[in-house]
Protein chains: 2
Amino acid sequence: MATPLAAACCATVHTDALQDCEQQLPAAVVDRVAATFKALADPTRVRILYNLSNRELCVCDLAHVLQMTQSAVSHQLGYLRALRLVTNRREGNTVYYRHDDVHTLGLLQMAIDHATHTCPEASTGE
Amino acid sequence: MATPLAAACCATVHTDALQDCEQQLPAAVVDRVAATFKALADPTRVRILYNLSNRELCVCDLAHVLQMTQSAVSHQLGYLRALRLVTNRREGNTVYYRHDDVHTLGLLQMAIDHATHTCPEASTGE
DNA sequence: CTCCTATATGAACAAATGCTCATATATAGT
DNA sequence: ACTATATATGAGCATTTGTTCATATAGGAG
């Protein structure tokens, strides 16, 4: 079960365990997965995507709903846009954003559902 | 459609859009969701949880598989343990870790599946 | 053209993150 | 008791992150 082997930290390694771990994820996949979750790993971005899941919103509306600076919201929208999680549409002076990634939105709603059913306050808005 | 209103950034707000956004997520839910995703938002933690999804592993094995320092791995395991995403079991000198959160693991595998099917290299190990 | 409004963006800065290094703790063996 | 091994953890540090502030860009109205 435990065999001596040259290892990164200690002398004894479980070879059967390592055999099960021979099939590792490609680094590209790992990085992509981590980047996906990183996009959802911030309260502001969670709230932005949550609000965009209902309907299209302009930057001003989002800033008003989130009670945040236009600049802060715009920076985060730029971040989400670079990851192709949202798209924008310009109409005159205002720019409307909508979500553009069903998969990421699925992960978000999955986590929201679970957190809502686990949290003490389940359905209270705001 | 667009009505003048005291807003966070600009004078014009779409009141019908804001009505749709009246029902906001509780702050506790938002923070919990963001914290959940933050746990998965790092390549090292993704790889740790991925390897623990197959079988139980000790810190040494993980360090060997990930080619990382025992200290680095242990720090991340402590982080995951604090979030109750993994549990540990001591057997003599070695401590075995296993995953302990079906929900988070579901999110992870969902993202891995999607990333794998999207990435150029689909099934190549390592 | 000029002025105003809505959005985007660069610089700066405080806070958080992930690692390394050194050391502490825990268990086993002698 | 002492030593060795496996793991945990605090301090330090470089990098990243999320915001603010100031400013740039883009379009509409006059």
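A note on names: the letters A, B, ... follow the listed sequences, proteins ahead of strands, and every chain is numbered from 1.
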Once you round it to whole Å, what is the distance between [atom2] of [N] and [atom1] of [X]?
X: A:I48; N: D:dT19; atom1: CD1; atom2: P; answer: 8 Å
X: B:H64; N: D:dA6; atom1: NE2; atom2: P; answer: 13 Å
X: B:M68; N: C:dT17; atom1: CE; atom2: P; answer: 16 Å
X: A:Q76; N: D:dT19; atom1: CD; atom2: C1'; answer: 9 Å
X: A:Y79; N: D:dG18; atom1: OH; atom2: C1'; answer: 11 Å

So which nucleotide from [options] ends up closest to the side chain of [X]?
X: A:D42; options: D:dT7, C:dT9, D:dG18; result: D:dG18
X: B:S71; options: D:dT7, C:dT9, C:dC21; result: C:dC21
X: B:V59; options: D:dT7, D:dA6, C:dT7; result: D:dT7
X: B:A72; options: C:dT20, D:dT7, C:dT7; result: C:dT20
X: B:R45; options: C:dA26, C:dG18, C:dT5; result: C:dG18

Between [N] and [X], is there an OP1 or OP2 to side-chain N/O distance shorter than 4.0 Å?
X: B:T94; N: D:dA6; answer: no
X: B:K38; N: D:dT17; answer: no
X: A:T44; N: D:dG18; answer: no
X: B:Y97; N: D:dA8; answer: yes
X: B:R81; N: D:dA8; answer: yes

| task | Say whether B:Q24 and A:N51, considering side chains only, have a donor N or O and an acceptor N or O under 3.5 Å apart. | result | yes

| task | Pick base, sugar-phosphate or nothing for A:G92, based on heavy-atom distances below 4.0 Å to the nucleic acid. | result | sugar-phosphate

| message | Between A:R90 and A:H75, which residue's closest nucleotide on DNA chain D lies nearer the 5′ terminus? | response | A:H75

| task | May I ask you to verify whether the side chain of B:Q70 and the base of D:dA6 hold a donor-acceptor pair under 3.5 Å? | result | no

| said: Atom CZ of residue position B:R89 - does it have more than 12 heavy atoms of other residues, nucleotides or ligands inside 6.0 Å? | reply: yes

